[in-house]
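The first residue in the sequence is number 1, and the count goes up from there.
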Amino acid sequence: MKTVFALALLVAANWAHAEKIGDVSTAFKLVGPDHKIVVDAFDDPKVHGVTCYVSRAKTGGVKGMVGLAEDKSEASIACRPVGPIAFTAPLPKEEEVFSEGLSPLFKKLRIVRMVDKTRNTLVYLTYSDKLIDGSPQNSVTAVPVDRATPIPTK
């Protein structure tokens, strides 16, 4: 029981970082919600002024309604500067900045930030993984940072 409660808290904590922007239905389901493409936004916790928009499939139907559906591994990402870019702390070369469960236990959508020091650019990669077998499907985007503001790294 404690494990289920801890897992529920972990999933809820991950959702707290994402803001739903909208969704579109892709397939009608007679019982339960339709299959959808959902667009969420999240702000990078260590980089003020950068917001990432992620679109992903959301399974509907009865399984989707009761939370037992496993969403597809496809996702797309676009990160953009939405204000002056400032750093709250030095950044590691590579760091996971967001993850969200795509199935009740074993599958996650992950977003990793990488620092391209040579080009003074932040690179964001989204992909999904599964406990046994991950997916090679991924999407990447980059946010150039003004050369007058070098990216602080660890």
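Shown here are the side chain to side chain contact (heavy atoms under 4.5 Å, CB included) partners of Ser55, two or more places apart in sequence or in another chain: Ile37, Val39, Ser76. The salt bridge (charged side-chain N to carboxylate O under 4.0 Å, His left out) check on Lys154 picks up nothing, with sequence neighbours excluded. With sequence neighbours excluded, no residue forms a ring-ring contact (aromatic ring centres under 6.0 Å, His included) with Phe87. Applying the side chain to side chain contact (heavy atoms under 4.5 Å, CB included) criterion to Thr141, with sequence neighbours excluded, gives Ile77, Cys79, Arg80, Tyr124.
Between Arg56 atom CZ and Asp40 atom CG the span is 5.0 Å, to the nearest 0.5 Å. The distance from atom OG1 of Thr153 to atom CG of Leu91, rounded to the nearest 0.5 Å, is 8.0 Å. Atoms CG and CG, from Asp44 and Leu122 in turn, are 7.5 Å apart once rounded to the nearest 0.5 Å. The CD1 atom of Ile21 lies 11.5 Å from the CG atom of Asp23; values are rounded to the nearest 0.5 Å. One distance of note links CD1 of Ile111 with SG of Cys52; it measures 6.0 Å at 0.5 Å rounding.
Residue pairs satisfying the side-chain hydrogen bond (donor to acceptor under 3.5 Å, both in side chains) criterion with at least one member in residues 87-96, sequence neighbours excluded, are listed as follows: Lys46-Glu95, Glu95-Arg113, Glu96-Arg110.
Phe42 is listed as a side-chain neighbour of Val54, based on a closest heavy-atom distance under 4.5 Å. Taking 4.5 Å as the limit, some side-chain heavy atom of Ile85 sits within range of a side-chain heavy atom of Val50.
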Which pairs of donor and acceptor atoms, one on a side chain in residues 142-152, lie under 3.5 Å apart (sequence neighbours left out)?
unit_1	atom_1	unit_2	atom_2	d
Asp146	OD1	Ala148	N	3.3

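The nearest pair of heavy atoms linking Ser139 to Ala75 is CB-O, 3.6 Å.
Counting only distance, with no hydrogens or angles, the side chain of Thr121 and the backbone of Arg119 share a donor-acceptor pair below 3.5 Å.
Clustering ILVMFWY residues whenever any of their side-chain heavy atoms sit less than 4.5 angstrom apart, transitively, puts Val112 in the very cluster that holds Val140.
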